[in-house]
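Just so it is clear, the model here is predicted, and its values are computed rather than measured.
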Amino acid sequence: MFRKISKYLIYLIAIAGALYIGALVYILSFSIKPNIPEHADAILILGAKVNLDNSPSDPLYERTNEAVKLYAQNKADYIITTGGVGLGSAPEASISALVAQEKGVPKDKILTDKTSHNTFQNVDEGKKIANEYNIKSVIVISDRYHVARGVLVARHLGFNPVYWDYPDLGYYKKELLLQNYAREALAILFYLPKIYLTKVLY
């Protein structure tokens, strides 16, 4: 009996390990090279924290800055900022929008979602805004280790086609970057059943 349980346990560990490695490979496949089109309908910036003084964190600032660069190159007609209230008193989307405006993006070309609090909600609320403006194709902007999950959700929620880009990660310490990649592989595995269950149920 004990041998049987041990055998099944080994199988489970092996399957879990294979799934984790597969998720990590999936993430790395997106982080090797950005996929930037000649033109998309909009750029979707995934939210990141706002500091207590309502200044943008490095990830939020750099994601927004990357989106502004693409907009300046006429890669999209709109920028969609996402994210609700977190550490600071202002929504992430509002601070991101303010940065974009300060860098020259017209206010009427910035669409904001001020209610979402995670990646799935960022894209979901962004899609609702996109529908109002007949936005179909997007360039998802996030950190290199995180963009794969954003693309996965964006495709699931109906954006088509979905492209991606990311800023340089020089503001992350190497140890923290490795931790983020490792954690993101777990997050991908958590999102997969959520996505495929909604496909079955709805």
To the nearest 0.5 Å, what is the distance between [atom1] on [X] and [atom2] on [Y]?
{"X": "E92", "Y": "T81", "atom1": "CD", "atom2": "OG1", "answer": "10.0 Å"}
{"X": "H39", "Y": "Q73", "atom1": "NE2", "atom2": "CD", "answer": "12.0 Å"}
{"X": "R63", "Y": "L44", "atom1": "CZ", "atom2": "CG", "answer": "11.0 Å"}
{"X": "N160", "Y": "D41", "atom1": "CG", "atom2": "CG", "answer": "10.5 Å"}

Quick one: list whatever passes side-chain contact (heavy atoms from CB on, under 4.5 Å) with [X], sequence neighbours left out.
{"X": "N54", "value": "V50, S89, A90, I95"}
{"X": "H117", "value": "Q121"}
{"X": "K127", "value": "N131, F159"}
{"X": "D53", "value": "N51, S55"}

Closest approach of S137 to A40 (non-hydrogen atoms, all atoms of both residues):
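Heavy-atom minimum between the residues: OG-CA, 3.5 Å.
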
Shortest non-hydrogen contact between P37 and N35, atoms and distance:
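For P37 and N35, the tightest heavy-atom pair comes out as CD-O, 3.9 Å.
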
By side chain to side chain donor-acceptor pair (under 3.5 Å), which residues pair with T82, not counting sequence neighbours?
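By the side chain to side chain donor-acceptor pair (under 3.5 Å) rule, T82 matches no residue at all.
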
Please identify each residue that fulfils side chain to side chain donor-acceptor pair (under 3.5 Å) with T64, with sequence neighbours left out.
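Side chain to side chain donor-acceptor pair (under 3.5 Å) list for T64, sorted by chain: S96.
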
Scan for side-chain hydrogen bond (donor to acceptor under 3.5 Å, both in side chains) pairs involving residues 101-116, sequence neighbours excluded, and state none if there are none.
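Checked against side-chain hydrogen bond (donor to acceptor under 3.5 Å, both in side chains) - neighbours excluded - the pairs reaching residues 101-116 are Y61-K103, N65-K103, D113-T115, D113-S116, S116-N122.
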
Got a list of side-chain donor-acceptor pairs under 3.5 Å for residues 182-190, not counting sequence neighbours?
from : atom 1 : to   : atom 2 : distance (Å)
R183 : NH2    : N180 : OD1    : 2.5
E184 : OE1    : R149 : NH2    : 3.0
E184 : OE2    : R149 : NE     : 2.5
E184 : OE2    : R149 : NH2    : 3.2

Same cluster or not: [X] versus [Y], using hydrophobic residues (I, L, V, M, F, W, Y) connected whenever any side-chain heavy atoms lie under 4.5 Å apart?
{"X": "V99", "Y": "Y166", "answer": "no"}
{"X": "I80", "Y": "L98", "answer": "no"}
{"X": "V147", "Y": "L28", "answer": "yes"}

Under a 3.5 Å distance rule, please check whether W164 uses its side chain to pair with a backbone N or O of V138 as donor and acceptor.
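Such a contact is absent between W164 side chain and V138 backbone.
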
Evaluate side-chain contact (heavy atoms from CB on, under 4.5 Å) for L46 paired with V123, printing each intermediate quantity in order.
CA-CA 7 Å; L46 300 185; V123 183; 3.8 Å; yes

Could you list who else is in L178's hydrophobic cluster, with ILVMFWY side chains joined at under 4.5 Å, directly or through other members?
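Traced through the cluster, L178 reaches no other member.
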
To which residues is I141 joined in a hydrophobic cluster, defined by side-chain heavy-atom contacts under 4.5 Å among Ile, Leu, Val, Met, Phe, Trp and Tyr, whether direct or through other members?
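Its cluster mates, by chain and number, are I36, I43, I45, V68, L70, Y71, I79, V105, I110, I139, Y163.
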
Test log, rule side-chain contact (heavy atoms from CB on, under 4.5 Å), inputs E66 and D165:
CA-CA 8 Å; E66 192 68 22; D165 189 21; 2.9 Å; yes

Y26: which residues meet the ring pair (Phe, Tyr, Trp, His ring centres under 6.0 Å) condition with it, sequence neighbours left out?
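Expected list: F30.
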
Can you sort out the partners of Y133 under ring pair (Phe, Tyr, Trp, His ring centres under 6.0 Å), two or more places apart, ordered by chain and number?
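By the ring pair (Phe, Tyr, Trp, His ring centres under 6.0 Å) rule, Y133 matches Y78.
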
